[in-house]
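Encoded as structure tokens, the structure appears first; notes follow it.
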Amino acid sequence: MPIDLKELAAPLDAAAVSRLLPRRPRLLALGEPTHGEDALLRLRNALFRRLVEEHGYRTIALETDSLAGLRVDAYVTSGAGTLDAALEHGFSHGWGASAANRDLVRWMRAYNARAGEEGRPAADRLRFAGFDGPLEMTHAASPRPCLTALHAHLAAHLDPALLPCTAEELDALLGEDGRWTEPAAMTEPARSCGRSAEAARLRLLADDLTALLDQQEPHLRAAAPPGERETVRLHARTATGLLRYHRAMADPSPARMSRLCAQRDLMMAQNLLALTARGPVLAHAQNAHFQRPKSAMRMWQGPVEWWSAGALVSARLGEEYAFLATALGTLRHQGVDTPPPDTVEGLLYARLTGESHLVDARRLAAVLGDPPPAPRTSPWFGYAPLDPAHLPHLDGLVLLKDVPES
């Protein structure tokens, strides 16, 4: 049936987002259907700039290592280090090489420095954050950096008798970092050290150290500045999360990959919730990490199901969480050609003009009716087409019609 899209779509900008949502969310999640395309990241950058200038946003959070991201944050807030060093060491997954990420970090630093020699007041500075764990497809990091940082913070401010172990005991239990980062452990559970006696002891110590952080909150709040407290909380979350992840890597059961996916997204959700304490946050990641329905995929061990970071955050924040998924028309250099007319992407591609659009997803779902159109097929593993069944669970749908080669 003919569909008039004039009332359902508008050119994508911050004003269109504001009109679509009933209120400014604490967490605005912008998804992408594939990684590595700078055109998608430039769209993200443009939206963030307008959200900063017109709607009071001060934090952007990306799907990258949260600990490494501290280096980028130090650069954009105070000019510590160099732009090149921040990009090389502050991003995981190789994403520091992206020209769009370089533009983002450079612009954030310039914005913070624009107010003169002293820069902007701390409360008004733009902040950068990674919200992923220190994880890669092939391995997980050693818990050494976060555990030792957590222990050092507590040792610097508390009576040593309160700590459950010494720094030397912690170091001995951690052993060589290579035993934690063994790439073969991703597909061979027996190669993981996650269920060793040392790992089990470290999990208890991480829990004890985190409990001590909570128990001594009044004293530590007075003894350390807010930024330091925020960072040590991140170290505590990462230490406990990484040790859980390593234990799941050593799991030989059929539920292993479901546990790994669930633990990764739990770490993401916890980091995102902590960031919302600063004020409104724009987060950017693959669409699947932000969706409200349960996630599912098939891996070498069989079908895998888990709740995404977005589902977990939405359960906590309710209407203060908003998710804009992104769909593509064409991505010809990756073999993604004009979408079939019987798909949601095909319908929008044929009837909308211009480069990018924000569509009222729930109204579109109502117009399309039930059952929804069939999903678009993907010509390559790196691109995940829109699942039409998810339309009622989106706050908005972004369509980027034709993605040029970066």
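Start at 1 with the first residue, then count along the sequence.
Taking each heavy atom of Arg179 and Glu198 in turn, the nearest pair found is NH2-OE1, 3.7 Å. Counting all heavy atoms, side chain and backbone alike, Val17 lies closest to Leu324 at CG2-CD1, 3.9 Å.
The ring-ring contact (aromatic ring centres under 6.0 Å, His included) pairs that include a residue from residues 47-76 number zero, where partners must be two or more places apart or lie in different chains. For the side-chain hydrogen bond (donor to acceptor under 3.5 Å, both in side chains) condition, the pairs that include at least one residue of residues 146-159, sequence neighbours left out, are His153-Glu228, His157-Glu228. Sorted by first and then second residue, the pairs that involve residues 206-216 and meet side-chain hydrogen bond (donor to acceptor under 3.5 Å, both in side chains), not counting sequence neighbours, are Asp214-Arg233. Annotation: ring-ring contact (aromatic ring centres under 6.0 Å, His included) contacts involving residues 216-238, sequence neighbours excluded, are absent.
In this view, Arg247 satisfies the salt bridge (charged side-chain N to carboxylate O under 4.0 Å, His left out) rule with no residue, not counting sequence neighbours. Judged as a side chain to side chain donor-acceptor pair (under 3.5 Å), and not counting sequence neighbours, the contacts of Tyr383 are Arg376. Applying the ring-ring contact (aromatic ring centres under 6.0 Å, His included) criterion to His139, with sequence neighbours excluded, gives no partner residue. For Asp265, the side chain to side chain contact (heavy atoms under 4.5 Å, CB included) partners two or more places apart in sequence, or in a different chain, are Met268, His289, Trp306, Ser308, Ala309. Arg144 meets the side chain to side chain donor-acceptor pair (under 3.5 Å) test with Asp171, Asp177; sequence neighbours excluded. Taking His393 as the reference, nothing meets the ring-ring contact (aromatic ring centres under 6.0 Å, His included) condition, with sequence neighbours excluded. Legend: residues meeting side chain to side chain contact (heavy atoms under 4.5 Å, CB included) with Thr64, ordered by chain and number and at least two apart, are Leu62, Phe91, Ser92, Phe128.
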Side-chain donor-acceptor distances from residues 363-374 under 3.5 Å, at least two apart:
unit_1, atom_1, unit_2, atom_2, d
Arg363, NH1, Glu7, O, 3.0
Arg363, NH2, Glu7, OE1, 3.4

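Side-chain atoms of Glu305 do not come within 3.5 Å of backbone N or O of Lys294 as any donor-acceptor pair.
The closest side-chain donor-acceptor pair between Arg44 and Asn101 falls under 3.5 angstrom.
Heavy atoms of other residues, nucleotides or ligands lying less than 6.0 angstrom from CZ of Arg332 number more than 12.
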